[in-house]
Amino acid sequence: GRTPRPAVWMVPPSFASQTAGSVVPSSAFCGVDGYKATYATINRVGAKMISDTLDTVGVVSRSVADAALFVAALSDRHELLIERALADPPRIGLCRTHEWERAAPETVAVVEDAGRRLAKAGAKIRDVTLPPPFAGLVDAQLAIMVREVALCLSHERLAHREKLSPEMITMIEAGLAVTPQRYDAAHALARSCRGALGSVFDGADVVIAPSTVGEPPEGIHATGDPLFNRIWTLLHVPVVHLPVGRGPRGLPVGITVAGPLASDRTTLLAADWIYTKLGQR
């Protein structure tokens, strides 16, 4: 067997970016905090773009407060700083998402346990069911992502194809097969669902949801399935990952804290409060 050692805690924060689920699963599998800010909070000039609709700069950190400090400095939004903890518990929705049936037992257990423990800590917890159209967001995110990857990497595909990985070639070819009609329909669904977020967060400051399908995969050949991150990335909302549990192999499993569009301060404060009550078990 092996002794899990997810992170070595060498630096307080580091840059990260997310197109599908790079910030959240990477943080989850390393047992650290991750924060994907509201889309375009941090200027992306100088970054190599692969999807203008989705690419979002974020941070991986050792605490929510460190992540808030880093993004506050990068975005000149000092209101994001966490100078003191919330005095009152936040209102929290437990959101299993339309992909819940694909969650591994350890993910189900961690999310359900988080809901119970937060209720005992004084938070107002309610179940949140995403409206039926949200069930199409995973496919919409995939269509938008692969088409934009194919377009953004046109030069690399034409001039340096032999240097691209087989996985990237497969993604580019999938993107070239996405019709303009499918691409436009995906964008239309995303806009409609963003418009419906008010009903999702009605009576809730944030929602908690799965961060990953389950424990980290074996080996280093892949970074895991970003299934549970795709919808939040496409919706452009702020998301914080919290490492609050472990799976059967002793490896990290955590939860996503997501807030409404542009509610980064509220989301960070709620995530900070949630982590003080749950910690890493």
Enquirer: Which atoms form the tightest heavy-atom contact between Cys95 and Pro210, and what is the distance?
Expert: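 Heavy atoms of Cys95 and Pro210 come nearest at O-CD, 3.8 Å.
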
Enquirer: Going by ring-ring contact (aromatic ring centres under 6.0 Å, His included), name the pairs with one or both residues in residues 136-163, residues two or more places apart or in two chains.
Expert: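 Passing the test, one end in residues 136-163: His155-His160.
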
Enquirer: Return yes if a side-chain donor-acceptor contact under 3.5 Å exists between Thr19 and Asp55, otherwise no.
Expert: yes

Enquirer: Distance-only, no hydrogens or angles: does the Ser192 side chain make a donor-acceptor pair with backbone N or O of Ala188 under 3.5 Å?
Expert: no

Enquirer: Measuring from Asp113:CG to Leu118:CG, what's the distance to the nearest 0.5 Å?
Expert: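 Spacing of CG (Asp113) from CG (Leu118) equals 9.0 Å.
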
Enquirer: Can you list every pair that meets ring-ring contact (aromatic ring centres under 6.0 Å, His included) and has a residue in residues 104-133, with sequence neighbours left out?
Expert: none

Enquirer: Roughly how far apart are Arg147 CZ and Ile172 CD1, rounded to 0.5 Å?
Expert: 13.5 Å

Enquirer: Taking atom CZ of Arg117 and atom CD1 of Ile274, what is their separation to the nearest 0.5 Å?
Expert: 12.0 Å

Enquirer: Apply the test side-chain hydrogen bond (donor to acceptor under 3.5 Å, both in side chains) to residues Gln18 and Thr233: give CA-CA distance (whole Å), side-chain angles for both, the deciding distance (0.1 Å), then the verdict.
Expert: CA-CA 8 Å; Gln18 182 157 306; Thr233 306; 2.8 Å; yes

Enquirer: What heavy-atom pair brings Val60 and Ser27 nearest, and what distance separates the two atoms?
Expert: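 Between these two residues, the closest heavy atoms are CG2-OG, 3.6 Å.
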
Enquirer: Tell me whether Asp139 is salt-bridged to Arg230, with the criterion being a basic N under 4.0 Å from an acidic carboxylate O.
Expert: no

Enquirer: Side-chain polar contacts of residues 260-267 - donor-acceptor pairs under 3.5 angstrom, sequence neighbours left out - could you list them?
Expert:
| residue | atom | partner | partner atom | Å |
| --- | --- | --- | --- | --- |
| Ser263 | OG | Pro260 | O | 2.6 |
| Ser263 | OG | Thr267 | OG1 | 3.2 |
| Asp264 | OD1 | Thr38 | OG1 | 2.5 |
| Asp264 | OD2 | Tyr35 | OH | 2.5 |
| Asp264 | OD2 | Thr38 | N | 3.1 |
| Arg265 | NH1 | Glu79 | O | 2.5 |
| Arg265 | NH1 | Leu81 | O | 3.4 |
| Thr267 | OG1 | Ser263 | O | 2.9 |

Enquirer: Please give me the minimum heavy-atom distance between Pro131 and Ser199, naming the atom from each residue.
Expert: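 Shortest heavy-atom contact: CG-OG, 4.4 Å.
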
Enquirer: Under the criterion side-chain hydrogen bond (donor to acceptor under 3.5 Å, both in side chains), I'd like the reasoning laid out for Thr256 against His241: C-alpha separation, chi angles, the key distance, then a yes or no.
Expert: CA-CA 5 Å; Thr256 279; His241 166 77; 5.0 Å; no

Enquirer: Between Ser14 (side chain) and Pro12 (backbone), is there a donor-acceptor pair under 3.5 Å?
Expert: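 Not at all, since once roles are kept as given, no pair shorter than 3.5 Å links the two residues.
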
Enquirer: Just verifying a value: how many Å separate Met145 CE and Leu234 CG, rounded to the nearest 0.5 Å?
Expert: 11.0 Å

Enquirer: Using modelled atom types only, decide if a donor and an acceptor are shared between the side chain of Asp205 and the backbone of Arg91 within a distance under 3.5 Å.
Expert: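 Yes, the answer is positive, given that a donor and an acceptor are paired below the 3.5 Å cut-off.
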
Enquirer: How long is the gap from OG1 on Thr97 to CZ on Phe134, to the nearest 0.5 Å?
Expert: 11.5 Å

Enquirer: Report yes if some heavy atom in the side chain of Val128 is under 4.5 Å from a heavy atom in the side chain of Arg126; otherwise report no.
Expert: yes

Enquirer: Determine whether a donor-acceptor pair (N or O, by modelled atom type, separation under 3.5 Å) exists between the side chain of Lys36 and the backbone of Asn229.
Expert: no

Enquirer: Do Trp273 and Leu80 share a hydrophobic cluster (ILVMFWY, side-chain heavy atoms under 4.5 Å, transitive)?
Expert: yes

Enquirer: I'd like to know whether Lys124 forms a side chain to side chain contact (heavy atoms under 4.5 Å, CB included) with Ile92, so could you lay out the CA-CA distance, the side-chain angles of the two residues, the decisive distance to 0.1 Å, and finally the verdict.
Expert: CA-CA 6 Å; Lys124 298 177 181 178; Ile92 301 170; over 6 Å; no

Enquirer: I'd like to know whether CZ of Arg102 has more than 12 heavy-atom contacts from other residues, nucleotides or ligands below 6.0 angstrom.
Expert: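 Count not over threshold, so no.
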
Enquirer: With sequence neighbours excluded, what pairs up with Ala271 under the side-chain contact (heavy atoms from CB on, under 4.5 Å) test?
Expert: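 By the side-chain contact (heavy atoms from CB on, under 4.5 Å) rule, Ala271 matches Val64, Val240, Leu242, Val257.
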
Enquirer: Using modelled atom types only, decide if a donor and an acceptor are shared between the side chain of Arg249 and the backbone of Pro216 within a distance under 3.5 Å.
Expert: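 Side chain of Arg249 to backbone of Pro216: a pair is present.
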
Enquirer: Determine, stepwise, if the pair Arg161 / Glu173 fulfils salt bridge (Lys or Arg N to Asp or Glu O under 4.0 Å).
Expert: CA-CA 12 Å; Arg161 182 183 177 94; Glu173 290 176 346; 3.0 Å; yes

Enquirer: Does Glu106 use its side chain to pair, donor to acceptor, with the backbone of Pro248 at less than 3.5 Å?
Expert: no

Enquirer: Determine the minimum heavy-atom distance between Val253 and Gly247, stating which atoms define it.
Expert: CG2-N, 3.7 Å

Enquirer: Look at the side chain of Ser26 and the backbone N and O of Val23, then say whether any donor-acceptor pair between them is shorter than 3.5 Å.
Expert: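 Answer holds: no.
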
Enquirer: Under the rule for ring-ring contact (aromatic ring centres under 6.0 Å, His included), what residues qualify as partners of Tyr39, not counting sequence neighbours?
Expert: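 So Tyr39 forms a ring-ring contact (aromatic ring centres under 6.0 Å, His included) with His236.
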
Enquirer: Which pair of heavy atoms, one from Ser61 and one from Val32, lies closest together, and at what distance?
Expert: O-CB, 3.4 Å

Enquirer: Please indicate whether Lys48 has more than 12 foreign heavy atoms, meaning atoms of other residues, nucleotides or ligands, lying under 6.0 Å from its NZ.
Expert: yes

Enquirer: Between atom CD1 of Ile208 and atom CG of Leu94, what is the distance when rounded to the nearest 0.5 Å?
Expert: 4.5 Å

Enquirer: Restricting to pairs with a member in residues 69-102, which pass ring-ring contact (aromatic ring centres under 6.0 Å, His included), not counting sequence neighbours?
Expert: Phe15-Phe70

Enquirer: Would you find a donor on one side and an acceptor on the other, under 3.5 Å apart, between the side chain of Glu148 and the backbone of Asp52?
Expert: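 Yes; judged by distance alone, with no hydrogens or angles, the pair exists.
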
Enquirer: Using a 3.5 Å distance criterion without hydrogens, assess whether the side chain of Thr107 forms a donor-acceptor pair with backbone atoms of Thr212.
Expert: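 It does hold such a pair.
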
Enquirer: Do Leu227 and Leu54 share a hydrophobic cluster (ILVMFWY, side-chain heavy atoms under 4.5 Å, transitive)?
Expert: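 Yes; tracing contacts between hydrophobic side chains, which count when under 4.5 Å, links both residues.
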
